[in-house]
Each structure stands twice: as structure tokens, then as C-alpha cells.
Number of protein chains: 2
Amino acid sequence: MAVHAQAKGVKATAGKPRLEDVARMANVSPATVSRVLNHPDIVRQELRDKVSKAIVALSYTPDNAARALMSRRSRTMGVVVPTLGTSIFAEGIEALQSRLSELEYTLLIAVCQYDAERELQEVRTLTERGVDGIVLVGGSHLHETYELIRRMQVPFLTTYVSESLNAVPAIGIDNASATYDMTRYLLQLGHRDFGVIANTQSSSDRTRARLIGIKRALEEEGLVLEDTRVVNCTHSVEQGRRGVKELVTANPSITSVICTTDTLAVGALAGARALGLRVPQDLTITGFDDIELAAQLEPSLTTIGTPAREIGRLAADCLANAIAGIPIPISTALPYQLIIRGSTAKPRRKPLRPPPR
Amino acid sequence: MAVHAQAKGVKATAGKPRLEDVARMANVSPATVSRVLNHPDIVRQELRDKVSKAIVALSYTPDNAARALMSRRSRTMGVVVPTLGTSIFAEGIEALQSRLSELEYTLLIAVCQYDAERELQEVRTLTERGVDGIVLVGGSHLHETYELIRRMQVPFLTTYVSESLNAVPAIGIDNASATYDMTRYLLQLGHRDFGVIANTQSSSDRTRARLIGIKRALEEEGLVLEDTRVVNCTHSVEQGRRGVKELVTANPSITSVICTTDTLAVGALAGARALGLRVPQDLTITGFDDIELAAQLEPSLTTIGTPAREIGRLAADCLANAIAGIPIPISTALPYQLIIRGSTAKPRRKPLRPPPR
DNA sequence: CTGAAAGCGCTTACAG
DNA sequence: CTGAAAGCGCTTACAG
């Protein structure tokens with residue numbers, strides 16, 4: 001008992017100051033200190049000043065755990081992204097965090113490596129940590145993930161796609177429309193003989209939408225994209241490199257290769273080079289995302305620009321609004337950009353020489 | 001009063017189950033449920049099973065705010081990075097988060113854009129959120145930042161540099177030694193006439209160390225790096241582009257340009273191209289970091305590889321260990337790699353033509 | 001090994 | 001406008 005009391009005594013002097021310490025110093029009740037912190041307008045000026053002084057004097061900061069316990073609000077949001085290695089996700093997160101910081105929220109981040117099970121696990125952790133809102137990427141998630149978040153009764157939105165699924169608000173771009181535009185541009189250049197490299201193994205909904213856009217544009221011209229013209233793969237530079245070889249070997253008449261991401265296109269560029277093909281003279285190659293690298297490559301990459309920062313910033317605002325009772329628009333379609341650079345040109349006239357070596 | 005009671009009744013059925021609900025269902029005291037959760041070994045098997053079943057039946061998850069309030073542990077770590085736009089930081093964060101997740105910690109992330117004031121502000125937020133540990137990048141931080149963290153009495157470490165400052169444990173590489181090796185390699189190729197592009201405006205300690213390494217190697221050969229040979233700039237591709245023009249214009253005899261980061265080197269490569277200079281035939285250019293882009297450029301970039309993933313993973317382990325009472329080594333120097341690619345060659349024989357256009 | 005009780009540091013009806 | 005009191009959902013000495 002005596003020991004306990006002493007321990008408490010030590011704590012009071014050495015430990016972090018508590019609300020009570022501020023109250024004592026300012027000669028008011030703890031309730032008043034709390035009010036100064038949370039609803040300053042309902043406290044008389046005089047007391048407000050006394051309390052403020054005491055807070056500064058003790059350099060008091062409220063304990064967030066206690067605060068969260070009472071208010072049922074952690075002032076923390078959670079996000080799960082497939083990876084940070086792609087600059088559009090890195091940029092989006094950066095903007096999300098910056099904006100949240102301005103709104104006085106912190107950001108809990110998790111990476112799932114394009115693995116839906118892992119995403120569920122991370123979402124579970126986030127909900128257990130009591131986040132006030134959740135941001136995911138894309139529209140394909142495990143059923144349990146949706147359920148879990150719904151049970152939490154927490155604002156939730158999906159990013160990088162504009163199409164809402166399962167009534168979850170979405171902020172992003174119309175992927176199908178973007179690849180449709182890209183394909184129309186290539187058709188206008190005169191291309192009729194296409195190959196596609198698509199990371200269908202992962203992030204399935206965005207890739208699927210991108211494939212749909214390509215096919216729609218081709219069909220309008222009476223062209224059909226045969227299965228042999230589509231390489232399905234995972235998401236890596238290496239897969240792009242392999243993909244272009246596969247396509248050109250199987251279909252030497254191909255003049256244009258559409259990749260569903262820039263990462264794949266970077267690989268395709270390298271693969272074309274390895275085959276002795278000049279881009280864009282011998283082969284046109286396009287990407288999607290406009291990663292930082294795209295403009296710096298030789299040739300620079302024709303691609304679709306995604307407004308990643310804008311997505312992140314908007315996501316932050318929408319979550320904060322939702323908590324304040326303002327509903328999140330079910331679908332927010334942001335403008336994308338068709339960025340024409342050096343990797344696209346009119347189709348070559350002559351057939352391809354058989355690959356050297 | 002009646003209303004209040006009713007509200008409570010509703011809550012008990014509709015809201016999240018609490019520890020007490022589990023206890024009631026399992027016919028034990030709340031204390032026992034808590035023990036099953038935290039110290040299962042001191043609970044009799046039979047009760048343990050009953051409690052476990054009740055937990056599953058109610059799909060109970062403990063409230064972290066309450067838990068944190070009692071245990072003084074949030075099971076959350078915090079990290080502040082200069083940016084996520086550089087792949088080495090993105091990779092490091094990814095590895096840090098993955099490992100923390102395995103250790104059942106969550107990660108609060110903040111970005112400071114190379115701004116020390118902003119870093120302090122974000123650290124302040126992290127400490128107020130009650131993180132159990134903090135990771136920063138590099139060794140140059142505001143005095144207040146160190147003080148703040150010290151007061152928090154929370155494990156703290158610095159990453160990407162191996163040199164410990166202010167007694168803060170460091171995990172990273174020896175930057176000076178890395179650029180020393182790089183410079184020696186260039187000297188061995190025959191270069192004697194150097195220029196340097198350095199982002200001295202930001203992340204000062206790492207850049208400073210890198211400059212020191214360069215100068216040490218040169219001095220050993222009796223060479224001096226004059227001030228006109230060093231372009232001081234901020235961190236962007238554009239600055240690298242500008243830097244190389246400045247250097248070559250002022251000193252046409254330069255044969256080799258050392259950049260303190262890959263981002264600058266990417267700009268330098270583009271700048272050289274714009275000047276009509278071939279790399280590496282006319283000009284040798286080197287970077288630092290081995291960002292993803294480095295291998296894909298044309299020419300590919302000679303650079304220093306930093307073990308970012310390893311740094312992140314180790315940081316997670318060290319923080320967790322520190323909480324368990326195992327002290328963090330004051331300095332952990334990880335191996336870097338000199339990666340020789342296509343942007344470096346022997347110096348040209350002839351003087352540079354005056355820049356075309 | 002288990003339960004009753006106190007308490008972590010706050011917030012917010014309630015009563016003045 | 002302010003204070004005394006209850007309580008948020010847990011954990012952990014303490015006593016059995």
C-alpha cells in the first residue's frame with residue numbers, strides 16, 4: 001500500500017502531466033480543462049486563459065487512448081494498397097497523408113502485395129485498431145472484407161477506379177474509357193494489328209476494365225482481339241519483357257503492343273530492344289499510369305496519366321466529410337490524360353525481319 | 001434515467017461485444033477473459049476453452065483504445081519519411097510495414113517533404129498518438145525533434161545512414177564510404193576531371209557524407225574539387241538536368257559527373273542528351289540509390305545500391321526488441337553495392353566540341 | 001488458478 | 001458557465 005502510494009507519487013512528478021494536473025494548476029475542475037480542449041466556446045474567457053497557460057506551462061498533451069475510449073474516435077484513418085513500389089500509389093498515399101494531416105488525422109498504412117487474403121487480414125487489423133475510415137484500392141475485394149468494414153460502420157471508399165461496386169463509393173478514373181481512347185488513337189495512326197500484355201493475375205478489376213476498353217474500340221472498327229494476341233501475366237517488368245517476345249514470335253504481323261500498366265510497358269520496351277526491334281519505327285508500345293519513369297525512358301512512353309495526388313486528397317476530404325455527416329458521392333470520375341510521347345508512331349510498312357540472333 | 005438505461009440496453013445487443021459479454025457467456029469473470037487474451041498460460045485449460053468459444057461465438061475483438069489506456073502500449077509504430085516518391089523509401093516502408101505486421105504492430109506513416117519543421121510537427125502528432133516507437137530517415141533533425149522523442153521515452157532509430165548521431169541508433173549504409181568507392185572506380189577508369197551535382201538543399205547529412213567520400217578519394221590522388229565543380233541544388237530531375245548544363249558550360253574539360261542521387265542523375269542524363277553529349281562516350285554520369293528506373297534507362301545508370309528492404313525489416317525488429325528490453329545496436333552498417341552499368345566509361349580523348357545549338 | 005475491485009486518463013450528461 | 005460524478009472497455013495488483 002505504501003509502496004503503491006509512493007509509486008503514484010513518483011508518477012505524478014516524473015510522468016506525463018495529466019488533465020488533472022492542468023486542472024490543479026489552473027484552479028479549475030478537470031471537466032473545465034476538457035471543455036477548453038474540446039469546446040472552448042462554452043468556457044468563460046478568463047478560465048480559458050488560465051487553463052491555456054497551465055497547458056503550456058506543463059506542456060500538456062492529451063492522452064489519445066483515453067480520448068479515443070470516450071469519444072469512440074481515434075482520429076486515425078487506414079489505407080491498404082497493393083504496393084508502394086508503383087509511383088501512382090506512392091503519390092496517392094503521399095497526398096492522402098498530407099491532407100489527412102491538415103485535417104488532424106493520422107494515417108495507418110498497410111501493403112497487401114496484390115493479395116486479397118492479405119488485404120482482408122490487414123483490414124481486420126485496421127478495424128481492430130479502431131480506425132475512423134478506410135481507403136482501399138480498386139473494386140475487387142473478398143466478400144469478407146466488405147462485410148467486415150460494413151459491420152464496423154466506418155466510412156469506406158475505394159480508389160483509382162471511378163466505378164462503384166457493392167455500393168462502396170469510388171474515386172478514380174474510368175479505366176475502360178481510358179484504354180478506349182488510347183486504342184482509338186492507335187487506330188487513327190493506322191494500326192490494325194494489335195497485341196496486348198495484361199496483368200490479369202492481379203488487381204483484376206482495373207485490368208479487366210482496361211481490356212474491355214481496348215476491345216470496344218477494336219470492335220467498333222470490326223476488329224477482333226484473338227486470345228493469342230493477349231498475354232496474361234503478373235505485374236513486373238520481367239513479365240513485360242517476356243510478353244513482347246511471346247507476342248511477336250507468335251504473331252509477327254503485330255505492329256502495336258498495348259500494355260495495361262507502365263511497368264509492363266517498360267519491360268516490353270526492353271524486350272523489343274532485345275529482339276532488335278526499334279520503337280516506335282518497328283513496333284508501337286503503350287503503357288498505363290504515367291509513372292515517373294515513363295517520361296524519362298528512351299523512347300519516352302505514350303501512356304495514360306492518372307491523377308493520383310488528386311485521388312488521395314479527395315479521399316481524405318471525403319472520409320472527413322463522411323464523419324461530419326456529409327455523405328460521400330457514390331462515384332467520382334476524375335479526368336485521366338492520354339499522354340502521347342515517343343513510343344508510338346504509324347505502323348511500319350514492311351513486315352518484320354525474323355528476329356536476329 | 002429510463003432513456004439512459006434503454007440506450008444501454010440497445011447498445012448491449014446491437015453494439016460491439018465487450019469483454020464483459022464474453023465473460024457472461026463463458027460464465028467467468030471479466031478478469032479471466034482478459035487473462036485468456038493476455039496470459040493464457042496462467043488460466044486453467046477448461047476455462048480457457050470456454051472463453052475461447054465465447055470469443056469466437058461473439059466474434060469479439062478487444063477494444064484497442066481501452067487496451068492502450070491500461071497497458072500504456074498502442075502496438076503502433078510511427079515513421080516519418082522525406083517522400084514516398086523515391087523508390088528506396090517506398091521499398092523501405094513496405095518492408096517495415098510487412099515486418100511490423102508480422103510482429104502485430106501497425107504503422108502510422110507521415111511524409112515531411114525534406115522539411116525539418118514539418119518533420120517535427122509530424123513527430124509531435126505521432127507522439128501524441130502514443131506510438132510505441134519511431135523511425136526517422138537520416139541524421140539531421142531539429143533539436144526539438146530529438147528532445148520530444150527523448151521525453152516520450154520511446155524506442156527511436158534513424159535509417160539509411162549507419163552513422164549514429166546524438167546517441168540515436170542508426171541502421172543504414174556508410175554513405176561517405178560508398179561515394180569513396182564510386183570515385184575510386186572512376187579514377188581507375190582514368191577520369192581526372194570531375195563535376196558533382198549534389199542536393200545540398202535537403203537531406204543534408206546524407207548528401208554531406210556523400211560529398212565527403214568523393215573529396216576523400218580525389219584528395220588521395222592529389223586532386224581538389226573546386227567549388228565551381230559542385231552544383232548545389234534541391235532534389236528533382238529538373239535540377240539534375242540544369243546541373244549538368246551548368247557544369248559542362250563552366251568547365252568544358254569535365255569528363256565525369258557524379259550525382260548524389262539517382263533522381264539527379266536521371267536529370268543529368270537527359271541534360272547531357274539535350275546538349276548533344278553521348279553518355280558514356282562523351283561524358284560519364286553516376287547516381288546513388290539504385291532506384292528501379294536506374295537499370296531501365298538508356299544508358300543504364302552506374303550507381304550505388306542501398307539495401308532498403310533490409311533497412312526496413314531490421315528497423316521493425318529493432319524497435320520490437322527494444323520494447324522487449326533488448327537494446328538497439330547504436331550503429332548497424334549494412335553493405336551497399338557499387339553497381340556498374342552503362343553510364344560510365346573511360347574518359348574521352350578529345351576535348352568536347354562546344355555545345356551545339 | 002480465479003474473482004472483486006480499483007484505476008488507466010479522459011468526456012459528458014446532469015445538476016446547479 | 002462550471003463542478004461532481006459516472007463511465008468508456010479494458011488490465012492488474014490483491015486477496016483468496
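A, B, ... follow the sequence lines: proteins, then strands. Residue 1 opens every chain. These figures come from a predicted structure and were not determined experimentally.
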ring-ring contact (aromatic ring centres under 6.0 Å, His included) involving B:Y146 - partner list, sequence neighbours excluded: B:H141
If you write DNA chain C from 5' to 3' in dot-bracket form, with Watson-Crick or G-U pairs under 3.5 Å, [ ] for crossing pairs and | for pairs with another strand, what do you get? |||.||||||||.|||
In residues 35-58 of chain B, what residues come within less than 4.0 Å of DNA chain D, judged by heavy atoms? B:R35, B:N38, B:H39
Output every pair passing salt bridge (charged side-chain N to carboxylate O under 4.0 Å, His left out) with a member in residues 124-145 of chain B, not counting sequence neighbours, ordered by first then second residue. none
Ignoring backbone atoms, establish whether B:S34 has a side-chain N or O less than 4.0 Å from OP1 or OP2 of D:dC10. no
Going by distance alone, is a donor N or O of one side chain under 3.5 Å from an acceptor N or O of the other, for A:R150 and A:N166? no
Please list residues of residues 62-70 of chain A whose heavy atoms come under 4.0 Å from any atom in DNA chain D, ordered by number; otherwise none. A:L69, A:M70
In whole angstrom, what separates A:R18's CZ from C:dT11's C1'? 16 Å
Between C1' on D:dG7 and CD on B:E20, what's the gap in Å once rounded to a whole number? 12 Å
Tell me whether B:S74 contacts the main-chain N or O of B:A68 through its side chain, where contact means a donor paired with an acceptor under 3.5 Å. no
Indicate yes or no for a side-chain donor-acceptor contact from B:S29 to the backbone of B:T32 under 3.5 Å, with no hydrogens or angles considered. yes
For the pair made of CG in B:L19 and C1' in D:dC8, what is the distance, rounded to whole Å? 13 Å
Atom CD of A:E163: over 12 foreign heavy atoms under 6.0 Å: no
Picking from D:dC8, D:dG3, C:dA4, the nucleotide nearest the side-chain atoms of A:T32 would be D:dG3
List in chain and number order the residues that pass salt bridge (Lys or Arg N to Asp or Glu O under 4.0 Å) with A:E20, two or more places apart in sequence or in another chain; answer none if no residue qualifies. A:R18, A:R24
Value in whole Å for how far the C1' atom of D:dG9 lies from CD of A:E128: 15 Å
Proximal nucleotide (of D:dT11, C:dT11, C:dG3) relative to the B:V28 side chain: C:dG3
Please answer whether the main-chain N or O of B:I171 pairs with a side-chain N or O of B:S162 as donor and acceptor at a distance below 3.5 Å. no
Under 4.0 Å between a side-chain N or O of B:R72 and OP1 or OP2 of C:dG9? yes
Scanning both residues in full, the closest heavy-atom pair of A:I323 with A:P155 reads CG1-CG, 3.9 Å
Do A:Y60 and A:L37 have side chains that get closer than 4.5 Å, going by heavy atoms? yes
Around B:Q113, counting heavy atoms of other residues, nucleotides and ligands shown, do more than 12 lie under 6.0 Å from its CD? yes
Pick the C1' atom in D:dT12 and in D:dG16, then give their distance to the nearest Å. 16 Å
